[in-house]
*Asks:* 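I'd like to ask some things about the structure below.
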Number of protein chains: 2
Amino acid sequence: MSGLRARVRAELTAEIKRLARAQMEAQGPNDLNLRAIARELGMVSSAVYRYFASRDELLTALIIDAYDELGRTAEDADAGCDPADTVGRFVTVATAIYRWARTSPSQYLLLFGTPVPGYAAPIDTVAAAIRVTTVLQHILDEAGRQGATPAVAPIVPPTVQPDLATVRALTDSTVSDQLLLTGLQSWTAMFGAITFILNGQFRNVVGDVDALFGAFADLLARQVIGARHD
Amino acid sequence: MSGLRARVRAELTAEIKRLARAQMEAQGPNDLNLRAIARELGMVSSAVYRYFASRDELLTALIIDAYDELGRTAEDADAGCDPADTVGRFVTVATAIYRWARTSPSQYLLLFGTPVPGYAAPIDTVAAAIRVTTVLQHILDEAGRQGATPAVAPIVPPTVQPDLATVRALTDSTVSDQLLLTGLQSWTAMFGAITFILNGQFRNVVGDVDALFGAFADLLARQVIGARHD
DNA sequence: GGCGCCGCAAGAGCACTGCTCTCGTTTCGG
DNA sequence: CCGAAACGAGAGCAGTGCTCTTGCGGCGCC
């Protein structure tokens, strides 16, 4: 096992993914071109199929890698924070996610952009996707333990209560329905803002989008963790 | 002018767009297939180019139409509201937008999904895009006139103040920077939530996404229009 | 060590795409 | 009424994802 052949294979697999990422970064996340990758590798297109059975399979591998990078980015950012400062943690993690998204927009859009046509995310991606939300949820858990209450109390629809319960179970926390629902809202708002900025939806409207996102992140954190009564 | 030929041309143009929309709805917004449209029309592919010079031009036309539909949807929803009930107006408009997005997801994603590769939205689309935001801004203006204040006061970065000023000028309103920034945040949060739901990001997490969105909309409205001191 | 198997790259080829060009025909407007 | 413009058909070009066959090379087993 682990002969020369296996090593070469691993290297080539990584190289293909690297080139694929570079290509997406250069010309949008949607037109991943197997033949161009093969060309850059000095191979013929059919040879690439020895490493990835199809374009979708390569895409899946890239998605998993991206989820992992995103998760690691969030974890690293959170690790450098004062654990008790939940507002600071949220802002720090949000900023780190935003920076990563700006650095490699095509990878971010691979995860949160429009899914490619006919592509159904395999189960493999789910595990990788949980990582970043776990970080966010841990912050929420800590806030809950500190007795935090959202600035505006949401109305929790009865039909989503079971869903909240399963989400809560992921980190076996004890946050209230209201805090959890507000947290969910803030997370989608954060990812939504990043997607908006990346897609250029604020073009010709807001110049300093970095500052805008910073203001959003701060606002979101304080909307979720509004008051603390012990 | 307006001879038989012109009428046939207008009809065929509309028919091409109709088929394009149907095709997108059937198999994702990204693979708009000119040849398939020509086939369904009983024409040869080159004939379609008499009506749209390129795939991008057809796409642009569809985008403008979609922005118009979205704007009209928002306007109609707002028209049926008590003008003074700003929270109710926001929730009503948001719900109408959400319903439209669920009805024709590919059209919504055409506007708020990942832009197609290499496609730069022409100026024509900008005018159409303003319509829906104008509705939302009018609601915010009314709230401002009533002396509303956001539930959590945002920190307004100095660099975005001029941007806020230009946004404010669009409806020559007098809302405060804080209210306007919070409004901007709520709008991106709303569109972000819809995009999340449409992209299936909540799959296997939340079952009743309709109820979830309703809760989000209500929460957002009350976060923006928090207190009123006259 | 040798041998057979399997991984590998190459090349041709299929069905498809967006788009261009040419060529008769039809329709409109001065 | 007649030339110009608009139109549809068809062939064709360059490109795509993917398949199949054909040799060549490293690998493990006896």
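So you know, we letter chains A, B, ... as the sequences are listed, proteins then strands, and number each from 1.
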*Asks:* Who pairs with B:Arg18 by side-chain hydrogen bond (donor to acceptor under 3.5 Å, both in side chains), at least two apart in sequence or on another chain?
*Replies:* B:Glu15
*Asks:* Measure CD1/B:Ile37 against C1'/C:dT17 and give the value in whole Å, please.
*Replies:* 13 Å
*Asks:* CG of A:Leu34 versus C1' of D:dC18: gap in Å, rounded?
*Replies:* 9 Å
*Asks:* Going by the rule side-chain hydrogen bond (donor to acceptor under 3.5 Å, both in side chains), which residues pair with A:Asp218 if we only count those two or more places apart in sequence or in a different chain?
*Replies:*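 Listed in chain order: A:Arg222.
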*Asks:* Report the relative orientation of the aromatic rings in B:Phe112 and B:Tyr67; use parallel for angles under 30°, tilted for 30 to 60°, perpendicular for over 60°.
*Replies:* perpendicular
*Asks:* Take nucleotides 7-12 of chain C nucleotide by nucleotide from the 5' end and write B, S or -, depending on whether a protein heavy atom sits under 4.0 Å from the base, only from the sugar-phosphate, or from neither.
*Replies:* BBBBB-
*Asks:* Looking at B:Gln223, is its backbone amide N or carbonyl O close enough to the side chain of A:Gln223 to form a donor-acceptor pair, meaning the two atoms are under 3.5 Å apart?
*Replies:*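 It does not hold such a pair.
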*Asks:* Assign each of A:Ala36 and A:Ala53 to its nearest nucleotide of DNA chain D by heavy atoms, then name whichever residue's nucleotide is nearer the 5' end.
*Replies:*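 The answer here is A:Ala36.
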*Asks:* Could you give the CZ-to-P distance, from B:Phe52 to C:dT20, as a whole number of Å?
*Replies:*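 The answer, rounded to whole Å, is 16 Å.
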*Asks:* Please check the phosphate of C:dG18 (OP1 and OP2 only) for any side-chain N or O of B:Asn33 closer than 4.0 Å.
*Replies:* yes
*Asks:* Reckon B:Leu32 touches a base, only the sugar-phosphate, or nothing at all at heavy-atom distances under 4.0 Å?
*Replies:*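 B:Leu32: backbone/sugar contact only, no base atoms under 4.0 Å.
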*Asks:* Give the rounded distance in Å between these two atoms: OH of A:Tyr49 and P of D:dG17.
*Replies:*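 My rounded result for the distance is 6 Å.
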*Asks:* Provide, to the nearest angstrom, the distance between the CD atom belonging to B:Gln27 and the P atom belonging to C:dC16.
*Replies:* 13 Å
*Asks:* Assign B:Leu58 to base, sugar-phosphate, or nothing according to its heavy-atom contacts below 4.0 angstrom with the strands shown.
*Replies:*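 No contact at all - B:Leu58 keeps every heavy atom at 4.0 Å or more from the nucleic acid.
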*Asks:* Any idea which of D:dC18, C:dG18, D:dT16 is nearest the A:Arg39 side chain?
*Replies:*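 Out of D:dC18, C:dG18, D:dT16, the nucleotide with an atom closest to A:Arg39's side chain is D:dT16.
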*Asks:* Distance check needed: D:dG17 C1' versus A:Leu59 CG, whole Å only.
*Replies:* 13 Å
*Asks:* Sequence neighbours excluded, which residues qualify as side-chain hydrogen bond (donor to acceptor under 3.5 Å, both in side chains) partners of B:Thr159?
*Replies:* A:Asp208
*Asks:* With sequence neighbours left out, what residues match A:Asp141 under side-chain contact (heavy atoms from CB on, under 4.5 Å)?
*Replies:* A:Gln137, A:His138, A:Arg145, A:Thr171, A:Ser173, A:Val175
*Asks:* Under the side-chain contact (heavy atoms from CB on, under 4.5 Å) test, which residues partner A:Asp68, sequence neighbours left out?
*Replies:* A:Ala128, A:Arg131
*Asks:* How long is the line joining CZ of A:Arg55 and P of C:dA15, in whole Å?
*Replies:*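 A:Arg55 atom CZ is separated from C:dA15 atom P by 21 Å.
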